[in-house]
**Student:** 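Input: one structure, supplied below.
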2 protein chains.
Amino acid sequence: MATLDDIAKLAGVSATTVSRVINNYGSLSEKTKTKVFEAMRELNYQPNSLARSLKGKKTQLIGVILPGVSNPFFGQMVQEIEDQLFKKGFRIILCNAGSDAEKERDYLRMLMANRVDGIIAGSHNLGIEEYQKVGLPIISFDRYLSDEIPIVSSDNYHGGELAAQALVRSGSKKLQIITGANHPNSPTNARLTGFKDELKKSDLDFDVMEISFSATPNIKGLKIKELLSKREVDGIFCTDDLTALLVIQQAKALGMRVPEDVRLVGYDGTNFIQSYHPELTTVMQPISDIVMVMIDLLLKRVDDHDCELEDNYVLPVKLITGETTA
Amino acid sequence: MATLDDIAKLAGVSATTVSRVINNYGSLSEKTKTKVFEAMRELNYQPNSLARSLKGKKTQLIGVILPGVSNPFFGQMVQEIEDQLFKKGFRIILCNAGSDAEKERDYLRMLMANRVDGIIAGSHNLGIEEYQKVGLPIISFDRYLSDEIPIVSSDNYHGGELAAQALVRSGSKKLQIITGANHPNSPTNARLTGFKDELKKSDLDFDVMEISFSATPNIKGLKIKELLSKREVDGIFCTDDLTALLVIQQAKALGMRVPEDVRLVGYDGTNFIQSYHPELTTVMQPISDIVMVMIDLLLKRVDDHDCELEDNYVLPVKLITGETTA
DNA sequence: TAAAAATTGTCAAACGTTTGACAATTATAA
DNA sequence: TTATAATTGTCAAACGTTTGACAATTTTTA
C-alpha cells in the first residue's frame with residue numbers, strides 16, 4: 001500500500017507538505033494541493049489510520065456493545081446508531097455480548113486496546129467495577145453502570161402505566177404480565193411497577209409470569225400455551241413485542257380470539273412491528289431519539305472527557321393502539 | 001493509559017522483556033512472566049493495538065459491508081458473522097451501506113485506511129473497479145464483484161424451483177411472482193429463472209410484479225392490495241419473507257383466505273420467520289453455513305493473500321412447508 | 001568446577017504518521 | 001527595489017510497539 005512518502009515522491013514535494021495537505025495545516029498554494037491530491041488519487045492512497053491515531057489523532061471508532069442484533073429492537077437500534085454516527089464521521093465496532101459476561105469483558109478489553117473514542121453500552125452482564133476502570137467515554141442504554149456513566153432510556157414506568165390503561169379500558173378484568181426473568185437493575189422492573197401502580201387505581205387483580213430472556217421461542221410458546229389453556233386471564237401485557245406475537249400465535253392455536261377473548265399489549269413498537277404487525281397494541285420506545293441523545297452525550301464526552309452530564313435522560317414513550325385491545 | 005514502559009517499570013524488568021511476555025517470544029522464566037502479568041493486571045494494561053498493527057501485526061478487524069441490519073435476514077447474518085469471527089479472535093467493523101453507493105465507497109476507503117485484515121461484502125452498489133483496487137482480502141455474498149473475489153451464495157436457482165413446485169403441488173393455477181426490482185447481477189434473478197423453468201414443465205401461466213427494494217412496507221402493501229383485489233391469482237411466490245407477510249396481511253384485509261383462496265411461498269426462512277411465522281411456507285437459506293464458508297475462505301486469504309480459491313461456492317437451500325401451501 | 005544452556009538486559013531501527021522549529025525560496029505589496 | 005508575507009523544504013522527535021543483534025548474567029548439567 002502506498003505511503004505518505006510515495007505520494008511525496010510522485011507529487012514532487014516533501015513528506016511534510018503532503019501531511020500538511022492531508023491535515024490542512026500551515027499555508028499551501030492551490031497548485032501544490034492539486035498536485036498532491038492528484039498523486040493520492042493516482043495511487044489510491046489512504047492515510048494509515050493506525051499511524052495517525054498513534055500520533056494522537058482520534059480513531060473515529062465507537063464501540064457498540066449490545067446483547068445481539070437479530071432481535072428487531074436492537075437491530076433497529078444498531079441501524080440508527082450506525083446511521084447517525086456515520087454522518088458525524090464515526091464508524092462502529094459491533095460487539096454482540098449476548099448474555100455472556102466473559103465475552104463482554106473480552107470486548108471491553110479489546111475496545112480499550114483499539115483505543116476507540118467511546119463506547120455505547122446496551123448490554124449489561126458485567127459488574128460496575130469492570131466499567132469503571134475502562135477510562136473511556138461511555139454512555140449506557142437503559143441500565144445503571146456506575147456513577148459517572150449517564151443512562152439514556154425511555155420512560156419505562158409510564159410505559160407500564162399506558163399498557164395497564166389500555167387493558168383496563170378494553171374491559172379486561174383478569175390481568176397477566178409476561179416478562180423476562182428480571183435482573184435487579186433491569187429496566188423492565190419499572191415497566192412492571194408502572195403497570196402495577198396503575199392497576200391499584202382500578203383495584204384489579206393480576207399475575208406475573210417470568211420467562212427467561214434466553215429461552216427459545218419454542219419454550220416460551222409452551223409456557224404461554226400452558227397459561228392460556230387455563231382460560232383464566234383476559235388481558236395480557238408482554239414486556240416485549242416478540243413475546244406478544246407468540247401469545248397471538250398460541251391463542252389462535254387454542255381457538256381463542258384476540259381481542260374478543262383476550263386482550264393484549266406488547267412493548268417496544270419497532271418499525272418492524274409497526275409495519276408487519278400493526279394489529280398489535282404496543283408501547284413504542286423512541287429509538288431514534290434515544291440514539292440521538294446517546295450520541296450527543298457521547299460525543300460531548302469524546303471532545304471533553306470531564307464534561308459534566310446529567311445522570312439520567314428519560315425520553316417519552318407512546319401507546320400505539322392496534323386491534324388487540326379494541 | 002498505561003504503556004508497556006509503565007509495566008516494565010512496575011515489574012522491574014526491561015521493556016523488551018514485557019514485549020516478550022506479551023508475544024510469548026524468546027525464553028522467559030515463569031517468575032518473570034508472573035511478575036509482568038501481575039503488573040499488567042494492576043494497571044489494567046492493554047497493549048496498544050494501533051502500535052502493534054503499525055509494527056506489522058494484523059489488526060484482527062474484519063469489515064462487514066451490508067445493506068443494513070434491521071432486516072431479519074441480514075440481522076441474523078451479522079449475528080452469525082460476529083459469533084463465528086469472535087471465536088477466531090476477530091472483531092467486526094459494521095458498515096451499513098443501504099443502497100447508497102457513495103456511502104459504500106466511503107466505507108471501503110475507511111476500511112483500507114484502518115488496515116482491516118479482510119472484508120465481507122454483502123452490499124453491492126458499487127462497480128467492479130472500486131472493489132478491484134482495494135487490495136485487501138474480500139469475500140462476496142451472493143453477487144459477482146470481480147474475478148478475484150470468491151462468491152458464496154445459496155442455490156437460488158433451485159430455491160426458485162422448490163417454490164414453484166410447492167405452489168403447483170398445492171393446486172395453484174394462476175401464479176404470480178413478487179420480487180424486488182432486479183439489478184443485472186442480482187441473485188434474485190436466478191430465483192426467478194428456476195421458478196420459471198420449473199413452471200414450463202407444467203405449462204402454467206405466471207406474471208411478475210417488481211417492487212423496488214427501497215419501497216416502504218406501506219407502499220408495498222398498497223401494490224399488493226391492488227394486485228390481490230383483482231382476484232386473478234391463486235398462487236404467489238415472494239422472493240423474500242417480509243413481502244410474503246404483507247401478502248398475508250393484505251389478503252386478510254380483503255377477506256381472502258390463505259391457503260384456500262390463494263397459496264403463498266416466501267424466501268429466506270430466517271430463524272425469526274421460523275419462530276414467529278411458522279405458518280409461512282418458505283425457502284430457507286442456510287445462513288450459518290454460508291457464513292461459515294465465507295469466514296473460512298476469508299481467513300485463508302488473510303493468511304495468504306494469493307491463495308487460490310474457487311470462484312463460486314453454492315450451498316443447498318431447503319423448503320420449509322407451512323400452512324400457506326397446505 | 002567448567003561448560004553449556006537459559007534468562008534477561010541494552011540498544012536501536014522500524015512501522016507511517018504529525019507537528020514544531022527553523023531556514024530557504026518565491027510571490028506580493030509598498 | 002526592498003520589505004513583507006506566503007509557501008515549501010529540511011530535520012527530528014514523538015506516538016507505543018516489535019524484533020533482531022548482541023552482551024551480561026544466572027541457572028543447569030555433566
Side-chain angles (χ1 to χ4, degrees), chain A residues 1-40 43-61 109-117 135-136, chain B residues 1-40 43-61 109-117 135-136:
Chain A
M1 276 202 188
T3 73
L4 187 140
D5 281 315
D6 299 329
I7 304 301
K9 241 170 268 170
L10 182 59
V13 300
S14 73
T16 303
T17 300
V18 176
S19 178
R20 281 174 181 148
V21 171
I22 294 172
N23 296 286
N24 201 27
Y25 156 85
S27 71
L28 296 160
S29 69
E30 279 310 316
K31 212 168 51 181
T32 329
K33 284 192 201 170
T34 319
K35 264 192 311 186
V36 171
F37 282 131
E38 189 48 50
M40 288 185 177
L43 299 186
N44 198 225
Y45 169 75
Q46 296 302 133
N48 187 328
S49 300
L50 303 169
R52 308 186 80 196
S53 303
L54 186 54
K55 195 57 191 46
K57 298 254 176 202
K58 285 185 297 180
T59 55
Q60 304 294 119
L61 287 170
R109 272 199 284 267
M110 182 277 291
L111 293 175
M112 291 171 66
N114 280 83
R115 301 300 191 262
V116 296
D117 293 332
L136 286 169
Chain B
M1 275 202 188
T3 74
L4 186 141
D5 281 317
D6 299 329
I7 303 301
K9 239 169 270 170
L10 182 58
V13 300
S14 74
T16 302
T17 300
V18 176
S19 178
R20 280 175 183 148
V21 171
I22 294 172
N23 296 285
N24 200 28
Y25 157 84
S27 69
L28 296 161
S29 68
E30 279 310 315
K31 212 168 50 180
T32 328
K33 283 192 201 171
T34 318
K35 263 192 310 185
V36 171
F37 282 132
E38 189 48 51
M40 289 184 176
L43 300 186
N44 199 223
Y45 169 75
Q46 296 302 133
N48 186 328
S49 301
L50 303 168
R52 308 187 80 195
S53 304
L54 185 55
K55 194 58 188 57
K57 297 257 177 200
K58 286 185 296 180
T59 54
Q60 303 294 119
L61 287 171
R109 271 199 285 266
M110 182 277 292
L111 293 175
M112 290 171 67
N114 279 82
R115 302 302 192 262
V116 295
D117 293 331
L136 287 170

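Below, read A as the first sequence line, B as the second, and so on, with proteins coming before strands; counting in each chain starts at 1.
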**Student:** Using a cut-off of 4.0 Å on non-hydrogen atoms, how would the nucleic acid contact of T32(B) be classed: base, sugar-phosphate, or nothing?
**Tutor:** sugar-phosphate
**Student:** Is K33(B) paired with E30(B) through a side-chain N to carboxylate O contact shorter than 4.0 Å?
**Tutor:** yes
**Student:** The side chain of V13(B) is closest to which nucleotide in this list: dT18(D), dT10(D), dG9(C)?
**Tutor:** dG9(C)
**Student:** Considering only dA21(D), dT17(C), dG16(D), which nucleotide approaches the side chain of R20(B) most closely?
**Tutor:**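 Looking only at side-chain atoms, R20(B) lies closest to dA21(D).
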**Student:** Would a 4.5 Å heavy-atom cut-off, applied to side chains only, mark T32(B) and R20(B) as touching?
**Tutor:** no
**Student:** About how many Å separate CE of M1(B) and CG of D6(B), when rounded to the nearest 0.5 Å?
**Tutor:** 12.0 Å
**Student:** Measure the distance from NZ on K55(A) to C1' on dT17(D) and round it to the nearest whole Å.
**Tutor:** 15 Å
**Student:** Can you tell me how far C1' of dT19(D) sits from CG of N23(B), to the nearest Å?
**Tutor:** 9 Å
**Student:** With side chain to side chain contact (heavy atoms under 4.5 Å, CB included) as the criterion, how do N114(A) and L61(A) come out once you've worked through the C-alpha distance, each side chain's angles and the decisive distance to 0.1 Å?
**Tutor:** CA-CA 9 Å; N114(A) 280 83; L61(A) 287 170; 5.6 Å; no
**Student:** Is Y45(A) close enough to dG16(C) that one of its side-chain N or O atoms is under 4.0 Å from OP1 or OP2 there?
**Tutor:** no
**Student:** Distance from S49(B) atom OG to K58(B) atom NZ, nearest 0.5 Å?
**Tutor:**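 Interatomic distance, S49(B) OG to K58(B) NZ, rounded to 0.5 Å: 13.0 Å.
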**Student:** Under 4.0 Å, heavy atoms only, any strand: does S29(B) hit a base, just the sugar-phosphate, or nothing?
**Tutor:**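 Sugar-phosphate only.
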**Student:** Heavy atoms under 4.0 Å, any strand shown: does S27(A) hit a base, just sugar-phosphate, or nothing?
**Tutor:**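 The answer is base, as S27(A) lies within the cut-off (heavy atoms under 4.0 Å) of a base atom.
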**Student:** Can you tell me how far C1' of dC15(C) sits from NZ of K58(B), to the nearest Å?
**Tutor:** 18 Å
**Student:** Picking from dC15(C), dG16(C), dT18(C), which would you name as closest to the side chain of N48(A)?
**Tutor:** dG16(C)
**Student:** Using a 4.0 Å heavy-atom cut-off across all strands, classify L28(B) as base, sugar-phosphate, or nothing.
**Tutor:** sugar-phosphate
**Student:** Report which part of the nucleic acid T17(B) touches: base, sugar-phosphate, or nothing (heavy-atom distance under 4.0 Å, all strands).
**Tutor:** sugar-phosphate
**Student:** Provide, to the nearest angstrom, the distance between the CG atom belonging to L4(A) and the P atom belonging to dG9(D).
**Tutor:**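 About 12 Å, once rounded to whole Å.
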**Student:** Please compare E30(B) and G56(B) by the position of their nearest nucleotide in DNA chain C and report the one closer to 5'.
**Tutor:** E30(B)
**Student:** Roughly, in whole Å, what's the span from NZ in K57(A) to P in dG16(C)?
**Tutor:**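 About 19 Å, once rounded to whole Å.
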**Student:** Taking atom P of dT19(C) as reference, at what distance in whole Å does atom CZ of R52(A) sit?
**Tutor:** 8 Å
**Student:** Over how many whole Å does the gap from K31(B) atom NZ to dT27(D) atom C1' extend?
**Tutor:**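 Rounding to the nearest Å, NZ of K31(B) and C1' of dT27(D) are 10 Å apart.
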**Student:** Any N or O donor-acceptor pair under 3.5 Å from the base of dC11(C) to the side chain of T16(B)?
**Tutor:**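 Answer is yes: a donor-acceptor pair is held.
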**Student:** Mind calculating the distance between OH (Y25(A)) and P (dT8(D)) to the nearest angstrom?
**Tutor:** 15 Å
**Student:** Has T59(B) got a side-chain atom pairing as donor or acceptor with S53(B)'s backbone, closer than 3.5 angstrom?
**Tutor:**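 Looks like no, no N/O pair under 3.5 Å.
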**Student:** May I ask you to say what T3(B) touches in the nucleic acid, namely base, sugar-phosphate or nothing, with a heavy-atom cut-off under 4.0 Å?
**Tutor:** sugar-phosphate
**Student:** If you pin L50(A) and K33(B) to their nearest nucleotides in DNA chain C, which one's is more 5'?
**Tutor:** K33(B)
